[in-house]
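Within every chain, numbering begins at 1; the chains are lettered A, B, ... in the order of the sequence lines, protein sequences first and strands thereafter. Note that this is a predicted model, so its numbers are computed, not measured.
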Amino acid sequence: MLQTYNTYSLEQEEFQPLQAGQIKMYVCGPTVYNYIHLGNARSAIAFDTIRRYFEYVGYKVNYVSNFTDLGDKILAQGEKEGLTEEQVAQKYEAAFDEDTAQLNIKPATVRSKATEVMPEIVDYIKNLVDQGLAYESEGDVYFSAKKSPDYGHLSHQNFDELEENAAGRLDPVEAKRKQDPIDFALWKGEHREGVKAWPSPWGPGRPGWHIECSVMIQKYLGSEIDIHGGGIDLAFPHHTNEIAQSEGHNHERFVRYWMHNGFVNVNNEKMSKSLGNFTTVHDLLANGVDPQALRYLLGKTHYRRPINYSMDTLNQAQIELDRIRRAYQALTEVQASEKGEDLTIIGRLDEMETRFREAMDDDFNTENALTVVFELVNLVNQYSKEDKQQETVITALQKKMTDWLAIFGIVDLLGQDQLNETEQALFDQRAEARAAKDFAKSDQLRDQLADLGITVRDTSQGQKWERKQAY
RNA sequence: GGUGGUAUAGCCAAGCGGUAAGGCAUGGGUCUGCAACACCCUGAUCACCGGUUCGAUUCCGGUUACCACCUCCA
């Protein structure tokens, strides 16, 4: 039975979707004001892996996510780049699509933008005002947090303290407008020159940050969903406020399972602009990092644990991935020489499948699942070395590898890499030298290739090469 | 201050009441012209103190350290 940890209850719970066989899932997407950083990527990868596992075991997943495509951060970036808010958003939406495709993250079933749901946002806020849960104040609209029973439960914060903390950082303008410092904005009046504003019953303005997610969920998934995901930092205030809005709007439970991913640290430090270690996926890939290795690194750690990113951890991920790839490649080169089916191996595969699923069913324990993957790698390597192999077994082993690794977003097991002309020439010369048993020359050529990052090894079927990624 | 989390071999990291999975690295071996790959073998009493128990890394209490949230940062 599949179990998931729920931030709301702080407990691991049996997973029961609203409708058998179907999952409604929403994950908070990025504000598109820059290239996505490792944290964004981790979140997307964590929930992509979860989604893929659900699909693997037979669920149909409706996966909805958003782009926050407006806001002061986007405006500020526009100033820097000489672009409009809309242009900035478009640019980084495209970059998001590109980067996530490289990382082999499946596109959401529905990817909605805040600006696409403006009429719905206004209606939604109107509903909250009409119910007396929100109030207008000088062109702004605020949600009355006090009217949300259990406000703050998700982050396990005491209401009075939240209120006190909020009071301590209130700016003077908002202090006048808010009835209570803990109230949060649903709508902000907008009168700045050259900044787009949308019409509303409270005058021209823009939506608050939290409302878009509630509205999109309502529109695309309905009033109650199975899983809501996002970074752990979003539990408060973002998700807390979503609960207040949605449960106020619908008078029913909003989310069955709250799932939050842990952070990515860079060289054991929090990734932040002030530390200057903000690492974007775009930059890493531009510098030649193997996207599959990056995906593997960010996906192999349990989703709630922090990940440390460094040259060292990336290197180790690359080494592990290469080992997996080599096993798969060796298997593809095996020629079946025997009919029949080795039931011992097939039986072992079934038993491994059971343990693989047990691990993933346990709140997506990827570490344990990968232990089974490495057992499979070992089994594959052993089998490839045997004297005789059977087609049925080869196929079964290959399928198992591709199926499992696909859950982790690893699909490039063969590597499409090619040698360039210079490299190919050296490689061919070495083959000749070896054939002539000129070992001095062949060793020298091997060193030359090694300097180019190509490892050459001799096998019974001749030379093989592998490009070594070192970071 | 409040809340949540984490502390296991050189590194990454499982286990969560019965004398510590896996990966990387290290060392040894087989294979190889030499290497590489692969295969085989090789390592820790689990932050500290107390308690419960026949027995605790695993439960309870306490201490210490680190991290995160309590400011639209995933």
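One atom, CG of A:Asp443, and another, P of B:C34, lie 11 Å apart when rounded to the nearest Å. Distance, A:Ile454 CD1 to B:A36 P: 18 Å, rounded to whole Å. In this structure, CZ of A:Arg355 is placed 10 Å from C1' of B:A21, rounded to the nearest angstrom.
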- Would you mind building the protein contact string for nucleotides 2-11 of chain B? One character per nucleotide, 5' to 3', B for base within reach (heavy atoms under 4.0 Å), S for sugar-phosphate only, - for untouched. BSS------B
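The separation of B:U8 from B:A13, taken at their P atoms, amounts to 9 Å, rounded to a whole angstrom. Taking atom C1' in both B:C70 and B:C59, one finds a spacing of 31 Å when rounded to whole Å. Using atom C1' as the reference point in both B:C34 and B:U19, the two lie 45 Å apart (nearest Å). Nucleotides B:U6 and B:C16 have their P atoms positioned 14 Å apart, rounded to a whole Å. When the P atom is used for both B:U26 and B:U63, the distance is 43 Å, rounded to whole Å. Rounded to a whole angstrom, the distance from the P atom of B:G55 to that of B:A38 is 46 Å.
Distances shorter than 4.0 Å separate some side-chain N or O of A:Lys73 from OP1 or OP2 on B:C73. Side-chain nitrogen and oxygen atoms of A:Arg326 include at least one within less than 4.0 Å of the OP1 or OP2 phosphate oxygen of B:A38. Between A:Asn315 and the phosphate of B:C24, there is no side-chain N or O to OP1/OP2 separation shorter than 4.0 Å. Applying the 4.0 Å criterion to OP1 and OP2 of B:G15, one finds that A:Asn365 has a side-chain N or O inside that range. Here A:Gln382 reaches the OP1 or OP2 of B:C40: one of its side-chain N or O atoms lies under 4.0 Å away. Neither OP1 nor OP2 of B:A74 sits under 4.0 Å from any side-chain N or O of A:Asn261.
Partners of A:Arg305 according to the side-chain contact (heavy atoms from CB on, under 4.5 Å) rule, which considers only residues two or more places apart in sequence or in another chain, are A:Thr301, A:His302. For A:Asp322, the side chain to side chain donor-acceptor pair (under 3.5 Å) partners are A:Gln318, not counting sequence neighbours. Among residues two or more places apart in sequence or in another chain, the side-chain contact (heavy atoms from CB on, under 4.5 Å) test is passed with A:Asp283 by A:Thr280. Partners of A:Val255 according to the side-chain contact (heavy atoms from CB on, under 4.5 Å) rule, which considers only residues two or more places apart in sequence or in another chain, are A:Ile225, A:His228, A:Trp258. Residues passing the side chain to side chain donor-acceptor pair (under 3.5 Å) test with A:Thr402, sequence neighbours excluded: none. Listed by chain and residue number, A:Tyr8, A:His156 satisfy the ring-ring contact (aromatic ring centres under 6.0 Å, His included) test with A:His153 (two or more places apart in sequence, or in another chain). For A:Ser384, the side-chain contact (heavy atoms from CB on, under 4.5 Å) test picks out A:Ala330, A:Leu331, A:Val334, A:Val380, with sequence neighbours left out.
Looking only at side-chain heavy atoms (C-beta outward), A:Trp465 and A:Glu423 stay at 4.5 Å or farther from each other.
Contacts of A:Asn265 with the nucleic acid, taken as non-hydrogen atoms under 4.0 Å apart, are absent. Contact annotation for A:Phe236: backbone-only contact, meaning every heavy-atom pair under 4.0 Å involves sugar-phosphate atoms and none involves a base. Note on A:Val264: a base of the nucleic acid sits closer than 4.0 angstrom, heavy atoms only.
A salt bridge (Lys or Arg N to Asp or Glu O under 4.0 Å) check over residues 360-372 of chain A, counting only residues at least two apart or in different chains, returns the pairs A:Arg304-A:Asp363.
The nucleotide whose nearest atom lies closest to any side-chain atom of A:Arg323 is, among B:G22, B:C24, B:C40, B:C24.
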Extract all donor-acceptor atom pairs below 3.5 Å that involve side chains of residues 431-441 of chain A and protein atoms in other chains or at least two apart in sequence.
residue  : atom : partner  : partner atom : Å
A:Arg434 : NE   : A:Asp458 : OD2          : 3.4
A:Asp438 : OD1  : A:Lys441 : N            : 3.2

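Within a heavy-atom distance below 4.0 Å of RNA chain B, the residues of residues 29-39 of chain A found are A:His37, A:Gly39. Of the residues in residues 429-442 of chain A, those lying under 4.0 Å from RNA chain B by heavy-atom distance are A:Arg430, A:Arg434, A:Phe439, A:Ser442.
Here the two rings, on A:Tyr142 and A:Phe184, have centers that are 6.0 Å apart or farther.
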